[in-house]
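Since the model is a prediction, treat every value here as computed from it, not as a measurement.
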Number of protein chains: 2
Amino acid sequence: MPIDRIDRQILSLLQADGRMTNVDLAERVGLTAPPCLRRVRALEEAGAIRGYHADLDAARLGYPITVFAMVSLRSQAEHDLSAFENHVAAIPEVRECHMLNGEIDFILKIVASDLKSFQEILTTHLTPAPNVASVKTSLTIRTAKSISGIPVPPE
Amino acid sequence: MPIDRIDRQILSLLQADGRMTNVDLAERVGLTAPPCLRRVRALEEAGAIRGYHADLDAARLGYPITVFAMVSLRSQAEHDLSAFENHVAAIPEVRECHMLNGEIDFILKIVASDLKSFQEILTTHLTPAPNVASVKTSLTIRTAKSISGIPVPPE
DNA sequence: GATGAAAATAAAACGTT
DNA sequence: AACGTTTTATTTTCATC
């Protein structure tokens with residue numbers, strides 16, 4: 001699936017503003033609306049665009065706490081790795097779970113409404129999970145940068 | 001700014017599908033379109049909704065590498081912390097920068113088109129930055145979960 | 001919060017290069 | 001194979017109640 005310059009412009013614009021109207025988008029990339037919409041649909045079907053999401057202010061909506069948890073397992077057999085992934089997939093406060101190389105097996109991003117509820121998630125759902133060797137957590141003091149997606153290639 | 005049950009439903013639906021039409025949204029929350037749109041605009045103005053973004057598949061679009069970098073600084077004076085934040089804000093491959101408590105001062109999420117370009121970012125932009133004491137990096141093997149936003153409260 | 005109307009947009013059909 | 005024009009359906013948005 002070849003992606004040309006116009007496709008990249010479309011992706012970049014929709015990444016910045018996911019609710020931009022198709023006529024706006026078409027104008028910005030120098031097309032009329034129908035071919036522009038066809039390109040957007042094609043990018044969606046090809047999986048280049050996975051979806052569109054409202055970006056919510058977690059702190060204002062009852063989740064002021066963000067914590068990163070570095071998890072090491074006792075066994076790194078594939079079966080045990082995916083068992084852990086399935087385990088955290090069911091915890092709604094765990095928003096991200098990335099498998100890493102090196103000493104740390106997983107890094108998790110966890111949100112919580114307060115420290116008490118974070119501690120509860122940690123001690124009842126995470127630390128006692130099967131195969132967990134160690135969990136080191138760090139509270140987020142502040143987030144200086146958070147841009148979803150990918151860098152915009154210079155045109 | 002009070003958020004009621006309908007507002008939470010709206011947030012949850014727009015978080016899941018940021019391009020849902022307002023008539024769809026209104027129907028799902030049991031309103032007609034005009035009051036629903038007024039609520040959405042109010043949530044946007046209040047900052048509960050920060051924006052809307054297309055969710056792109058970085059790997060398919062030229063950024064198959066995601067790395068987490070744990071950075072420690074020599075000085076944690078506010079001036080030095082914000083100097084580092086400003087420094088990484090200008091590096092397009094650095095997508096996230098969170099200040100943490102504990103031994104690690106910052107965790108960064110970095111994307112790259114290949115390992116060579118990642119090494120270049122690391123050795124020319126990150127490690128030699130002013131005040132940096134240590135940078136430990138881990139490659140992401142796979143991402144098991146990545147849900148933007150906040151948990152949906154049960155209704 | 002609902003209704004109804006006007007403007008804008010999206011989507012389909014069709015023709016062109 | 002991809003863009004443009006035209007047409008139709010839907011959606012957004014505003015005035016009014």
Side-chain angles (χ1 to χ4, degrees), chain A residues 1-57 60-62 147-155, chain B residues 1-63 147-150 152-155:
Chain A
M1 178 194 78
I3 302 252
D4 66 10
R5 207 188 94 268
I6 294 181
D7 287 328
R8 269 189 288 274
Q9 282 184 274
I10 288 173
L11 292 168
S12 162
L13 288 164
L14 286 180
Q15 176 168 269
D17 178 6
R19 289 208 68 134
M20 181 177 288
T21 66
N22 183 60
V23 294
D24 264 21
L25 188 63
E27 192 178 350
R28 299 276 289 272
V29 303
L31 288 177
T32 53
C36 183
L37 187 61
R38 282 194 288 264
R39 280 170 178 265
V40 172
R41 295 287 174 260
L43 290 165
E44 289 167 353
E45 303 227 340
I49 299 174
R50 277 197 286 240
Y52 303 87
H53 305 285
D55 171 25
L56 306 187
D57 187 331
R60 289 196 204 193
L61 295 169
I147 311 180
S148 56
I150 61 175
V152 180
E155 284 146 43
Chain B
M1 177 195 79
I3 303 249
D4 67 10
R5 207 189 94 265
I6 294 180
D7 286 329
R8 268 190 288 273
Q9 280 185 276
I10 288 173
L11 292 168
S12 162
L13 288 164
L14 286 179
Q15 175 168 269
D17 178 5
R19 288 207 69 133
M20 181 177 289
T21 67
N22 183 60
V23 294
D24 264 20
L25 188 63
E27 192 178 351
R28 298 277 289 272
V29 303
L31 290 178
T32 54
C36 184
L37 186 62
R38 281 196 289 264
R39 280 168 178 267
V40 172
R41 295 286 175 260
L43 290 165
E44 288 167 355
E45 304 227 340
I49 299 175
R50 277 197 286 240
Y52 303 87
H53 305 285
D55 171 25
L56 306 186
D57 187 331
R60 289 196 203 192
L61 295 169
Y63 293 91
I147 310 179
S148 56
I150 61 175
V152 180
E155 286 148 40

[atom1] of [X] to [atom2] of [Y]: how many Å apart, nearest 0.5 Å?
X	Y	atom1	atom2	answer
A/Arg8	A/Leu13	CZ	CG	13.5 Å
B/Ile150	A/Arg60	CD1	CZ	12.5 Å
A/Ile49	B/Asp55	CD1	CG	9.5 Å
A/Tyr52	A/Leu14	OH	CG	5.0 Å

- [ ] Return the set of residues passing side chain to side chain donor-acceptor pair (under 3.5 Å) with B/Arg41 (not counting sequence neighbours), or none when no residue passes.
- [x] B/Glu44
TODO: Sequence neighbours left out, what passes side chain to side chain donor-acceptor pair (under 3.5 Å) with B/Arg39? Give chain and number order.
DONE: B/Asp4, B/Asp7
Task: A/Gly47 to B/Asp57 - nearest heavy-atom pair and separation - done: O-CB, 3.4 Å
Open item on the list: Quick check on contacts: within residues 42-50 of chain B, what sits under 4.0 Å from DNA chain C by heavy-atom distance?
Closed with: none
Show me the side-chain donor-acceptor pairs of residues 21-33 of chain A shorter than 3.5 Å, one per line, residues at least two apart or across chains.
unit_1: A/Thr21; atom_1: OG1; unit_2: A/Asp24; atom_2: N; d: 3.3
unit_1: A/Asn22; atom_1: OD1; unit_2: A/Leu37; atom_2: N; d: 3.4
unit_1: A/Asn22; atom_1: ND2; unit_2: A/Ala33; atom_2: O; d: 3.0

Open item on the list: When you measure from the side chain of B/Arg19 to the backbone of A/Met20, do you find a donor-acceptor pair of N or O atoms at a distance under 3.5 Å?
Closed with: yes
Task: Degree of bending in the helix from C/dG1-D/dC17 to C/dT17-D/dA1 once both end axes are built from five pairs, to 10° - done: 30°
- [ ] Round to a whole Å and report the spacing from CD1 of A/Ile6 to P of D/dC3.
- [x] 6 Å
Open item on the list: What is the separation between atom CG on A/Leu14 and atom P on C/dA10, rounded to the nearest whole Å?
Closed with: 11 Å
Task: Under 4.0 Å protein heavy-atom contact, by nucleotide of nucleotides 10-17 of chain D - B base, S sugar-phosphate only - done: -SBSB---
Open item on the list: I'd like to check B/Leu56 versus A/Leu43 (side-chain heavy atoms, cut-off strictly below 4.5 Å). Are they in contact?
Closed with: no
